[in-house]
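Notes follow once the structure below has been shown.
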Protein chains: 2
Amino acid sequence: MILRVDPSAATPPYAQIQAQVATMVRSGVLPPGTRLPTIRHLANDLGIAANTVARAYRELELEGLVATRGRHGTFVLAPAPATVEVAGPALADAATAYAMEAAHRGLDLDQALDAVRSAFRALDEPRRLA
Amino acid sequence: MILRVDPSAATPPYAQIQAQVATMVRSGVLPPGTRLPTIRHLANDLGIAANTVARAYRELELEGLVATRGRHGTFVLAPAPATVEVAGPALADAATAYAMEAAHRGLDLDQALDAVRSAFRALDEPRRLA
DNA sequence: TCCTTTGTCTCAACACATCAATACAATGAG
DNA sequence: CTCATTGTATTGATGTGTTGAGACAAAGGA
């Protein structure tokens, strides 16, 4: 479990943990059944409050990526095959926000799609991390 | 100048004004050369503080959509033809944020693009307003 | 049974963005 | 020259989200 948290980043620490774990689960780095570190342990490693890690785990549970099994800890689940429908309203909101931002700057659909393609490419590039 | 501001909305009032004026400028409802209402006048109409309108105008000026001509007021400029390059880092950031959100939920590029297409369609639909 | 270890909950402090009010500077009409 | 009208700058209040610390409940092993 190599995680990094930058307290001065724009995205809050709990969201950074959430995103990194989610990526590792989806990419298979953390296979289903893996036991995540306890919130206190991880909090200690990262030098943050336990509550912050707890929140990240809570959000991950809402996403259906992990399950907390009481006394035994928190475990990785098999991620459901993703579809636009299942990704839910949160993804739709993100898409709408992006569409508004793009339209607002005068871009048409094709230009907006190109920007997303570029962003995706840039996203895949530095995945040497994790 | 028919503008609406919902103080309880998620997007802050200054951003609502900014977005609505930007849309009207880009769509030609407000042709170049049009004089915008003074910040005090518009603030009065909307029942908000002058400073809030001032901020919206300031952001619009940064976008290059309007120009303030000192004593004479604030005027609509001819919007530059939009390109992805010119839309600048703000658009790139929005695209990256969206790409991360989508990847984070396990969507691939095509699914993410579909969601944007849907959002764009939904955006064009209720443009009976403005 | 007792105690350790797990996640959960609650509450206060803090940081940050936004808004409102007010004072200010510029500038052109009269 | 005077002054009304324009946008600008500063300051304080407010609300929201995030963090941190600690108390709490559950549950299995010794």
Side-chain angles (χ1 to χ4, degrees), chain A residues 1 3-21 33-77 90 93-94 97 101, chain B residues 1 3-21 33-77 90 93-94 97 101:
Chain A
M1 276 300 278
L3 283 183
R4 285 293 165 83
V5 168
D6 176 7
S8 67
T11 59
Y14 84 90
Q16 294 179 42
I17 298 172
Q18 177 188 1
Q20 290 176 44
V21 173
T34 307
R35 183 179 190 266
L36 294 180
T38 70
I39 59 178
R40 287 179 231 283
H41 192 246
L42 184 52
N44 230 345
D45 282 2
L46 298 175
I48 61 181
N51 206 5
T52 303
V53 179
R55 171 148 187 200
Y57 281 17
R58 208 181 314 141
E59 307 271 353
L60 287 165
E61 185 159 31
L62 285 179
E63 286 186 66
L65 290 181
V66 307
T68 164
R69 299 228 306 266
R71 178 70 180 68
H72 298 98
T74 305
F75 292 82
V76 173
L77 296 177
D93 283 353
E101 182 72 21
Chain B
M1 277 301 278
L3 283 183
R4 284 294 163 83
V5 169
D6 177 7
S8 67
T11 59
Y14 84 88
Q16 293 179 41
I17 299 171
Q18 178 188 359
Q20 289 175 44
V21 173
T34 308
R35 181 180 191 268
L36 294 180
T38 70
I39 60 179
R40 290 187 222 307
H41 191 248
L42 183 52
N44 231 345
D45 283 1
L46 298 175
I48 61 182
N51 208 0
T52 303
V53 180
R55 171 150 188 199
Y57 281 18
R58 207 180 316 140
E59 307 271 351
L60 286 165
E61 185 160 28
L62 284 179
E63 286 186 66
L65 289 180
V66 306
T68 164
R69 299 231 305 267
R71 177 71 181 68
H72 298 100
T74 305
F75 292 81
V76 173
L77 296 177
D93 284 353
E101 182 73 21

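Every value quoted in this text rests on a predicted model; they were computed, and no experiment measured them. Just so we're on the same page: letters track the sequence lines, and every chain starts at 1. Heavy-atom basis, side chains included; hydrogens, waters and symmetry copies ignored.
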Closest nucleotide among [options] to the [X] side chain:
| X | options | value |
| --- | --- | --- |
| A:Arg35 | C:dT8, C:dT6, C:dT18 | C:dT6 |
| B:Thr52 | C:dG7, C:dC19, D:dG7 | C:dC19 |
| B:Ala54 | C:dT8, D:dT18, D:dT8 | D:dT8 |
| A:Thr38 | C:dT8, C:dT6, D:dT18 | C:dT6 |
| B:Glu61 | D:dA23, D:dG28, D:dT8 | D:dT8 |
| B:His72 | C:dT18, C:dG28, C:dA20 | C:dG28 |

Measure the distance from [atom1] on [X] to [atom2] on [N] and round it to the nearest whole Å.
| X | N | atom1 | atom2 | value |
| --- | --- | --- | --- | --- |
| A:Ile48 | C:dC14 | CD1 | C1' | 16 Å |
| B:His41 | D:dG7 | NE2 | P | 12 Å |
| A:Asn44 | C:dT6 | CG | C1' | 15 Å |
| B:Tyr57 | D:dA9 | OH | C1' | 19 Å |
| B:Asn51 | D:dA13 | CG | P | 16 Å |
| A:Arg71 | D:dA25 | CZ | P | 17 Å |
| A:Arg40 | C:dC9 | CZ | C1' | 12 Å |
| B:Ile39 | D:dT8 | CD1 | P | 7 Å |

For a quick test of reading the model, state the closest non-hydrogen atom pair linking [X] to [Y] and the distance between them.
| X | Y | value |
| --- | --- | --- |
| B:Gln18 | B:Leu60 | O-CD2, 3.5 Å |
| A:Glu61 | A:Ala67 | OE2-CA, 3.9 Å |
| A:Arg35 | A:Thr38 | NH2-CG2, 4.0 Å |
| A:Ala94 | B:Glu101 | CB-CG, 3.8 Å |

By the definition side chain to side chain contact (heavy atoms under 4.5 Å, CB included), identify the one residue from A:Leu36, A:Leu62, A:Thr68, A:Leu65 that meets it with A:Tyr57.
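Testing each of A:Leu36, A:Leu62, A:Thr68, A:Leu65 against A:Tyr57, the sole residue satisfying side chain to side chain contact (heavy atoms under 4.5 Å, CB included) is A:Leu36.
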Return whichever of B:Thr74 or A:Tyr14 has its heavy-atom-nearest nucleotide of DNA chain D closer to the 5' end.
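Here B:Thr74 is the residue nearer the 5' end.
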